[in-house]
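By convention here, the first residue in the shown sequence is residue 1. If you're wondering where the values come from, they're calculated on a predicted model, not measured in any experiment.
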Amino acid sequence: MTADSELYDDLKADAEIRKLWSESIYKRDERRTFSKIKEVYDFIIVGAGTAGCVLARELIYNIPNINILVLEAGPPDAQVNDKKSLPFGYPYVQRTNETDWGYFIEAQKMKSSIDPTKEVINRGFAYPRGKIWGGCSSVNAMVYMRGQKTEYNKWADQGPEYKIWDWDHCLEAFKATENNAREKPDEEFKKYHGFNGLLHVEDIQNDNFKIVLDVIQAAKNLGIPHNNDFNGSRQNGAGPFQFTTKDGKRSSLADSYLKDALKKVEVYPRLQPLGPPYGSPNEIGKFVAVNVKSFSHVLEILWNKNTKNKDNTAIGVKYFCNGAVHNAYTSPKGEVILCSGAINSPQILMLSGIGPKDNLEANNIKVRKELPVGQNLMDHPSCVIAAKVSISNSTNASQPHYWSNGTEMAIFHKTNPEGKIPCREDFLNESPDFSIFGNLTIVAVSYDYFYVCVNGFITFICNHFDNFRSLLQNNMRLMDNTLIRTRINGTLFPLIPNGSGYCY
């Protein structure tokens, strides 16, 4: 028998097997004798990201006798357990169709805040957003950074109903969730950190790259204050990061919160049957647990159409999973909670009729409530220069360290409103609004590169790099401080199902 005839027989057998398998799938529904039960939960959480994981755990352990459905568009984190676990591997779980939404920023032009006669051009670039259990906490660079006290207090100053967002309230929440593993923490450190929470935080587990230590020492020599805790009493200065890792491996919110929530499974008899449309009157009990459905893309919120005053009461969600559209409902006093992040939460609201009237009508979506949803998105692009390092085996390129994400240190300082290189007073200001970080991420095999944000970093790193001064001179046109200080101002538009399927 020739190789070609063997291949032909194999393909024929494979085709027959596929045909039988397909027929069994199609006939399965015909053979089914049971009725389809609608899904009913006390809480439906849309998104198993950072917020969704924490909410699922806190709700199931603090409210008795409830059940929770968590809908996640991406896969379980175990699907990329190798790449997502090691800090070294985080770039490999970004910009992949498995674990990233694949968003891209539209190119934008705006006037320079330094010189209004000039335009700043923000080119389009990738905008990673986690589509996986744990959300962005499963794909990010694991740097543990809370933000500044003044920013939280600005939220609280908006009105009495925002008081809970002030720094004192948020600090207690941070401490309650945190399990910080710093060895021999001093009393000052203990004021700002928790040690009994579920989210693991620690210092880097092996020695820092020598070049990082050299940069921190150079900053000290220049009088820039050292800071060994960017989440403490002040954020300005130079120092190493802490990371959301445990024993050197990623500790996502799926690891720390969601999987703990899944441990609770109980059942108790119903006092009375719910009946249609919420379920069968013959149900013998209620399961108390958290269910997580992966690859489930929420299409819109379902509203109560029977209320006399036509109020906007959510009673469930419509979602796409396993090639079909499903409805999940909340119990009579249940809730739908959107935890889909800065992009997808407003998108779902807009698909459900809540948002700017013009945008919704342009996409043939019935306006249920006109609100400024999907506007004023703000983010922080950075201006980066790469320089070849003269010290051999000094970055992740030529000397891979799987325990390092490549971003080990930072300098925080106040920006100069005139766009000038920062002076000593800017580095001493305890209300910084600009961060500089060194990055040793792999870019090419056998070459060492150190990535730095240009502004404020120049004076004390030149001696470490080959031809760094000429590199800076050739890139001075990139150093308009506006480029670095610019915020991405965006408006979202609803993404609607296209003719061939549902948008992912």
Side-chain angles (χ1 to χ4, degrees), residues 45-58 68-103 126-146 174 177-181 197-202 204-205 241-263 290-298 321 337-345 347 379 396 402-407 439 441-442 504:
I45 297 175
V46 182
T50 298
C53 290
V54 174
L55 269 172
R57 194 269 175 191
E58 294 303 296
I68 300 172
L69 173 64
V70 181
L71 296 171
E72 170 55 44
D77 57 346
Q79 184 164 312
V80 287
N81 184 53
D82 51 355
K83 298 180 180 66
K84 73 96 181 173
S85 295
L86 294 177
F88 171 87
Y90 83 89
Y92 301 104
V93 288
Q94 294 182 2
R95 300 186 69 180
T96 67
N97 57 8
E98 280 187 306
T99 56
D100 189 347
W101 282 94
Y103 293 128
Y127 195 85
R129 302 296 300 171
K131 189 176 69 172
I132 182 176
W133 284 25
C136 288
S137 74
S138 291
V139 303
N140 64 13
M142 292 151 282
V143 173
Y144 184 58
M145 189 66 63
R146 298 172 181 169
F174 283 130
T177 60
E178 182 184 8
N179 189 332
N180 201 296
L198 297 178
L199 178 62
H200 291 275
V201 179
E202 62 187 5
I204 198 163
Q205 287 301 286
F241 285 121
Q242 280 202 302
F243 303 91
T244 52
T245 58
K246 181 184 180 184
D247 300 327
K249 297 180 181 179
R250 180 190 296 273
S251 175
S252 71
L253 273 299
D255 297 321
S256 53
Y257 273 82
L258 185 58
K259 292 173 185 177
D260 189 64
L262 296 176
K263 295 177 182 178
V290 175
N291 289 347
V292 184
K293 296 191 75 170
S294 303
F295 307 106
S296 299
H297 186 83
V298 171
C321 181
I337 306 175
L338 293 186
C339 297
S340 303
I343 304 295
N344 292 65
S345 284
Q347 178 208 26
D379 215 317
N396 256 340
Y402 303 109
W403 41 261
S404 174
N405 68 349
T407 304
N439 195 323
T441 306
I442 285 183
Y504 281 82

**Item:** Pair Asp255-Ser251, side-chain donor/acceptor within less than 3.5 Å
**Value:** no
**Request:** Evaluate the side-chain proximity of Ile337 to Val46: yes if any heavy-atom separation is below 4.5 Å, no if none is.
**Result:** no
**Prompt:** What are the two closest heavy atoms between Leu71 and Ser296, and how far apart are they?
**Reply:** CD2-CB, 3.9 Å
**Message:** Other residues, nucleotides and ligands only: do more than 12 of their heavy atoms fall within 6.0 Å of NZ on Lys293?
**Reply:** yes
**Request:** Flag the pair Val201 / Phe174 as yes when at least one side-chain heavy-atom distance between them is below 4.5 Å, and no otherwise.
**Result:** no
**Message:** How close do Val139 and Val93 get, counting heavy atoms only, and between which atoms?
**Reply:** CG1-O, 3.6 Å
**Item:** For the student: nearest non-hydrogen atoms of Val70 and Ala48, plus distance
**Value:** CG1-CB, 3.7 Å
**Prompt:** What are the two closest non-hydrogen atoms of Leu198 and Tyr257, and how far apart are they?
**Reply:** CB-CE1, 3.6 Å
**Item:** Test salt bridge (Lys or Arg N to Asp or Glu O under 4.0 Å) applied to Arg129 - qualifying residues, sequence neighbours left out
**Value:** none
**Message:** With a 3.5 Å distance limit and no angle check, can you tell me whether Glu72 reaches the backbone of Ile132 through a side-chain donor-acceptor pair?
**Reply:** yes
**Prompt:** From Leu199 CG over to Thr244 OG1, what is the distance, rounded to the nearest 0.5 angstrom?
**Reply:** 6.0 Å
**Asked** With a 3.5 Å cut-off and no angle check, do the side chains of Asn180 and Gln242 form a donor-acceptor pair?
**Response** yes
**Request:** Could you tell me whether the side chains of Asn140 and Arg250 share a donor-acceptor contact shorter than 3.5 Å?
**Result:** yes
**Prompt:** Is it true that a side-chain atom of Ser345 and a backbone atom of Ala342 form a donor plus acceptor pair closer than 3.5 Å?
**Reply:** no
**Request:** May I ask you to decide whether Arg146 forms a salt bridge with Glu178, counting only side-chain N to carboxylate O separations under 4.0 Å?
**Result:** yes
**Nearest-0.5 Å distance, OG1 of residue Thr177 to CD of residue Glu58** = 9.0 Å
**Request:** Show your working on side chain to side chain contact (heavy atoms under 4.5 Å, CB included) between Leu262 and Val292 and close with a plain yes or no.
**Result:** CA-CA 9 Å; Leu262 296 176; Val292 184; 3.9 Å; yes
**Request:** State the NZ-CH2 distance between Lys84 and Trp133, to the nearest 0.5 angstrom.
**Result:** 11.0 Å
**Complete:** So NZ of Lys131 and OG of Ser138: to nearest 0.5 Å the spacing works out to 14.0 Å
**Prompt:** Salt bridge check: are Lys259 and Asp77 linked by an N-O gap of less than 4.0 Å?
**Reply:** yes
**Request:** Taking all non-hydrogen atoms of both residues into account, name the closest pair between Ala56 and Leu258 and its distance.
**Result:** CB-CD1, 4.2 Å
**Request:** For residues Ile204 and Phe241, determine if any side-chain heavy atom of one lies less than 4.5 Å from a side-chain heavy atom of the other.
**Result:** no
**Prompt:** From Leu253 CG over to Thr50 OG1, what is the distance, rounded to the nearest 0.5 angstrom?
**Reply:** 4.5 Å
**Asked** Is the shortest distance from a Lys or Arg side-chain nitrogen in Arg95 or Asp100 to a carboxylate oxygen in the other one below 4.0 Å?
**Response** no
**Item:** Distance, nearest 0.5 Å, that separates CD1 of Ile343 from CH2 of Trp101
**Value:** 11.0 Å
**Request:** Grab the two heavy atoms, one from Thr245 and one from Met142, that are nearest each other, plus how far apart they are.
**Result:** CG2-SD, 4.0 Å
